[in-house]
Trainee: 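One structure follows; several queries about it will come next.
Just so it is clear, the model here is predicted, and its values are computed rather than measured. First listed ligand is number 1; within each ligand, the first listed atom is number 1.
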Amino acid sequence: MLKIGICGYGTVGQSFVEHLRVHDDKIQSSVSEEFEIALIADRSIDKKEYNKDIAVTKDVMEMTSDSNINIIVELIGGIDIPYKVITSAIKNKKHVITANKALIAEHGDEIFKLAKEHNVYFGFEASVAGAIPIIQTLTNSMSNENILSITGIINGTCNYILDQMSSHGLEFNDALDEAKELGYAEADPTFDINGMDAAHKISILASLVYKIKSPLKNTYIEGIENITTMDIEYAKELGYSIKHVGITNKKNDSIQCRVHPVLIHKDNILSQVLGVMNALLITGDKFGTSMLYGNGAGGDATASAVVTNLVEAINFSSGKDLRNKNIFKSSGENSFNISKNEDIASPFYLRIYAHDISGVMAEITNVLANEDISIEAVTQHEPIDLDSLIPIVMITNSVNGISISNAIKKIESLAHVEGKVHAIRVLKTDER
Ligand code: HSE
């Protein structure tokens, strides 16, 4: 009988235990050996409801050296303690499963090596895009393909907030409160809205696909804090939705790895991904583009991916499933340049506030023309009252980040323009 230890008994830990209870027969029939949950470690376990047949402890390190425990499921969150738990467990020859994207993005290279060295299973399916089997797909089903790009909506909280603002006219903070209540947001939701959570996820995918060391430090990260209902409405008028995406791709010897808001044309399938849903478009040189779509956040969705790893870990421990080895094969051995944001080209959405004075539009278009930027679409809105500024909204042709930054500086210094110009990249058709 294999013994499972769970570290961390929050939203995902509780959903995981419930999933095992409800689907016990089904799961036991797909594993090579019987198993049971033997121990739960959680600092505030006395404040939570749990099955009294299961032993509990407040000391999360205890189970890493407990010789009765064979598989540890780490669901604590954060980096420092999970790092100690996981590395210690692996050194003690325990199989490990985690949902911890921050840890994998920061220390994945080292942990993969350690797991390989100690010949233990290490599963992290739940770290990217909740219930969507993206790690499995990339490291097994597509492991013999040349992946050209991955573009995805990979933060459920951001997608939920943007969708609530767009479809129901909710204010940003109200939509965020809802996402917290529904269990989508991180313990510290700053990581969701400032793009860090998505950056962890896209870095993990880039390192798996391109066999590079984690590119997190060189990933361009922008969140959704500056997206306003007004931008969402103007984008709609032009035929676009605003989404937060993660993109990684390889062109020659350069890799792009970035997360930021984008305008997505309504004809692009990603614009139809609503609520907390996640979706990833994966493009390969032979298979074309495939899309994976599903629940990207929430206890049940994440726990479902953890259960998938548990079945693999049990079968791995009895030598019946060697798929996990693919993940570690040649991991981190390639090195490519990671493109800087200013060198990446795309069309841009610009929102400019100007005084309602004749000639102001000509001044702006002159600045753009001098930077060799042309305008693909433009709308000018009426001022709300006689004294107020007019919002001018435009979409440019595809230009690199440095040209747009230069143009923005010049536009902001025009006498009849007020405040900051707001720029958002527009997803190019070859990025879908
Ligand atoms: N906070 C994350 C999200 C949870 O909203 O996507 C899943 O990783």
Side-chain angles (χ1 to χ4, degrees), residues 8 10-16 19 73-79 82 97-106 108 123-136 138 150-165 170 172-206 208 216 219 221-225 227 242-247 259-261 270 273-280 292-309:
T11 309
V12 180
Q14 291 170 34
S15 294
F16 173 62
H19 190 132
V73 180
E74 183 280 307
L75 301 170
I76 308 173
I79 294 189
I97 296 161
T98 181
N100 194 325
K101 52 238 153 174
L103 181 74
I104 309 296
E106 296 270 1
F124 52 99
E125 183 65 67
S127 65
V128 181
I132 300 176
I134 181 68
I135 307 286
Q136 172 83 274
L138 294 176
I150 301 175
T151 301
I153 293 174
I154 50 178
N155 182 273
T157 302
C158 282
N159 206 48
Y160 184 83
I161 293 172
L162 293 173
D163 185 35
Q164 290 297 310
M165 288 168 75
L170 245 69
F172 188 103
N173 285 329
D174 295 335
L176 173 60
D177 285 344
E178 279 190 4
K180 283 196 250 176
E181 269 164 41
L182 291 164
Y184 302 152
E186 296 302 295
D188 178 359
T190 320
F191 274 22
D192 292 298
I193 60 178
N194 71 8
M196 186 50 90
D197 177 84
H200 288 145
K201 292 168 180 168
I202 202 70
S203 303
I204 294 173
L205 299 184
L208 290 178
L216 182 65
T219 296
I221 306 171
E222 192 185 319
I224 59 166
E225 309 94 320
I227 304 294
I242 299 185
K243 300 280 182 194
H244 188 264
V245 295
I247 297 176
V259 298
H260 50 78
L270 286 180
V273 177
L274 306 176
V276 71
M277 302 310 278
N278 280 197
L280 294 114
L292 291 178
Y293 169 88
N295 280 300
D300 287 347
T302 312
S304 160
V306 177
V307 173
T308 304
N309 278 167

Trainee: Quick one: does Ser127 get an N or O within less than 3.5 Å of an N or O on ligand 1?
Mentor: no
Trainee: Main chain of Thr98, side chain of Glu74: is a donor-acceptor contact present, judged purely on distance under 3.5 Å?
Mentor: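 Side chain of Glu74 to backbone of Thr98: no pair is present.
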Trainee: What residue and atom, counting heavy atoms only, is the protein's closest point to atom 2 (C) of ligand 1, and at what distance?
Mentor: Glu186 OE2, 3.1 Å
Trainee: With a cut-off of 4.0 Å, which atoms of ligand 1 are near a heavy atom of Asp192?
Mentor: 1 (N), 2 (C), 3 (C), 5 (O)
Trainee: Return the closest protein heavy atom for atom 5 (O) of ligand 1 as residue, atom name and distance.
Mentor: Thr157 OG1, 2.6 Å
Trainee: Looking at Asn100 and Gly78, would you say the former's side chain and the latter's main chain have a donor-acceptor pair under 3.5 Å?
Mentor: yes
Trainee: List the atom of Ile134, the atom of Ala129, and the distance in Å for their closest heavy-atom pair.
Mentor: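 Heavy atoms of Ile134 and Ala129 come nearest at CG2-CB, 4.4 Å.
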Trainee: What residue and atom, counting heavy atoms only, is the protein's closest point to atom 8 (O) of ligand 1, and at what distance?
Mentor: Lys101 NZ, 2.6 Å
Trainee: Could you list the atoms of ligand 1 found under 4.0 angstrom from a heavy atom of Lys201?
Mentor: 2 (C), 3 (C), 6 (O), 7 (C), 8 (O)
Trainee: Taking both backbone and side-chain atoms of Gly156, is any N or O found less than 3.5 Å from an N or O belonging to ligand 1?
Mentor: yes
Trainee: What are the two closest non-hydrogen atoms of His244 and His260, and how far apart are they?
Mentor: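 Between these two residues, the closest heavy atoms are CD2-C, 3.6 Å.
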Trainee: When you measure from atom 7 (C) of ligand 1 to every protein heavy atom, which one gives the shortest distance, and what is it?
Mentor: Gly296 O, 3.4 Å
Trainee: Please list all pairs meeting salt bridge (charged side-chain N to carboxylate O under 4.0 Å, His left out) that have one or both residues in residues 193-204, counting only residues at least two apart or in different chains.
Mentor: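 Applying salt bridge (charged side-chain N to carboxylate O under 4.0 Å, His left out) to every pair that reaches into residues 193-204, excluding sequence neighbours, yields Lys101-Asp197, Asp197-Lys201.
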Trainee: Taking all atoms of both residues into account, what is the closest heavy-atom pair of Ile150 and Leu280, and its distance?
Mentor: CG2-CD2, 3.8 Å
